[in-house]
Amino acid sequence: MQRIAIIGTGYVGLVTAVGFAELGNNVIGVEKDKEKLDLLKKGFPPFYEPRLEELLKKNFENGRIKFSDSVKEGVEKSDIIFICVGTPPLEDGSADLSQISVVSKEIAEHLNGWKLIVEKSTVPVMTSQWIKRTIKLYSKKEENFEIASNPEFLREGSALKDFFHPDRIVIGVESDRAKDILLNLYKDFDCPIVVTDINTAEIIKHASNSFLAMKISFINMISDLCEKTGADIEKVAYGVGLDKRIGIQFLKAGLGYGGSCFPKDVRAFFKIGEIHGLHFGLLKETHKINEQRIERLMEKVKSALWLPKGKVIGILGVAFKPNTDDVREAPSLKVIETLRREGAILKIHDPKAIPNVKKIIEEDKNLKYVNSPYEACEGAEALIIVTEWDEYRGLDLKKVKELMKTPIIIDGRNIFNPEEVTSLGFEYYCMGRGNYLKRKD
Ligand code: UGA
């Protein structure tokens, strides 16, 4: 059993805190945001993530996890301190490390005995070296700590599953003492554990996210070619992905990547290259292709509806991916804003993310949030699938057709079987499957 502090209880921090508590450790989560802290102190998570509420409640009730707004308390009552605060993008794409810098100073002021300080937020290479220098500079007593890097690879929507069953664990350390502590902390995991120096660990994280984003943009680029030539991107991706050197995962073409990680990390990694005199042009192109996905969708909308102005459009899905209520950098935001500018009348559904999107885009006479996907179909002249929730895959398409004014589906995530949809009498626009349409020209 270890005494652990987790500073910052966002997605990574809270899931890590609950995960370590579930493994039998004593955890203090430190959170500055009062609204979030109030919920956490009652044992409720501030965001939706499968199994999170259940495991938080369990460990809250058995006393293995508690929450505080005080870095001092977290530092003083623990031996291992994980830094999990946000590293949002700055205007120029580089990572804003100000929260890390503030936390490092605070940790320095409250060190009481030897601590292992572990950087878990996604950060540019060399950040941990800055954390070390900051703590040394601001520490009142003789320095009594070590730093380490332990990047997190969990995905929203399957975060706890990913925490307990990762493909690998990466540990960047400067001594055997730090290495042994972290290996002991992860002793129950049966995946490979990669032990490296700290800079290497930091680069592994940024390189992994950038590579995955690049894979998505690559398949989206090929998807456009499929569309022009009547080929089928789903089959191309399958045929390509069966090569074990390539792999089938992250070859899903559609509206591109969103969320709080890929868009930010691709740009930040590009910036790091620049700082070191290197041109990561691959990543610039990755970002550009991703930005173009919304244009591709809008081309389909216009091809289907001619002018969106005054037309009723149902939008299914606003979360950046299924099984989360997160809308940060979600493609839906751009789709909604673009259609609104064009004067469309929108009826928007999402199973979980409506409260979050409402904070960004308010309802008005031309934009309504609705409680069921069928409500979004009522009187609609087109239906756009933006997020591939399972609930939408299982829709009764006959009912959908009856409810719609004109049966047009624009499927940004290729969730439907084109033959089935078109045989029911829909015009079906999808991504990179050029043969399917059945237009009434
Ligand atoms: C991503 C990484 O997958 C995690 O390993 C990492 O820990 C995390 O970022 C992070 O740095 O914190 P996440 O953003 O939660 O996780 O979700 P993903 O499942 O990776 O999806 C990212 C985006 O890519 C979503 O918008 C998704 O719709 C899109 N995507 C994914 C595709 O368009 N095609 C695909 O084939 C896969």
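Numbering starts at 1 and runs along the sequence shown. In listed order, ligands and their atoms are each counted from 1.
Considering every non-hydrogen atom in both Val266 and Leu283, the closest pair reads CG1-O, 3.5 Å. Closest heavy-atom contact between Ile216 and Lys252: CG2-O, 4.5 Å. For Thr387 against Tyr392, the heavy-atom pair with the smallest separation is O-CD1, 3.3 Å.
At a heavy-atom distance under 4.0 Å, only backbone atoms of Leu251 (N, CA, C or O) approach ligand 1. Proximity of Tyr11 to ligand 1, defined as any heavy-atom pair under 4.0 Å, is not found for any part of the residue. Using a 4.0 Å cut-off between heavy atoms, Gln249 makes no contact with ligand 1 at all.
In the vicinity of Tyr257, heavy-atom distances shorter than 4.0 Å reach the ligand 1 atoms 23 (C), 24 (O), 26 (O), 29 (C). Residue-ligand proximity, Arg413 to ligand 1, at heavy-atom distances under 4.0 Å covers atoms 28 (O), 33 (O).
Remark: aromatic rings of Phe20 and Phe163 are close, center separation under 6.0 Å. The six-membered or imidazole ring of Phe189 lies away from that of His165, with a centre-to-centre distance of 6.0 Å or more.
Of the protein's non-hydrogen atoms, Lys321 NZ, 2.8 Å is the one closest to atom 19 (O) of ligand 1. Protein heavy atom at the shortest distance from atom 7 (O) of ligand 1 is Leu154 O, 2.7 Å. In terms of protein heavy-atom proximity, atom 34 (N) of ligand 1 is closest to Lys252 O, 3.0 Å. The protein heavy-atom contact nearest to atom 9 (O) of ligand 1 is Cys261 CB, 3.2 Å. Nearest protein heavy-atom neighbour of atom 32 (C) of ligand 1: Ile216 CD1, 3.6 Å. In terms of protein heavy-atom proximity, atom 5 (O) of ligand 1 is closest to Phe153 O, 2.7 Å.
For the 3.5 Å distance criterion, the side chains of Gln2 and Asn25 fail to qualify, holding no donor opposite an acceptor. No hydrogens or angles considered: a donor-acceptor pair under 3.5 Å links the side chains of Ser128 and Glu202.
The heavy atom nearest to atom 13 (P) of ligand 1, out of those in Glu152, Glu156, Lys120, is found in Glu156. Summarising the contacts of atom 26 (O) of ligand 1 with Gly258, Pro263, Gly412, the nearest heavy atom is found in Gly258.
Counting only distance, with no hydrogens or angles, the side chain of Asn220 and the backbone of Arg293 share no donor-acceptor pair below 3.5 Å.
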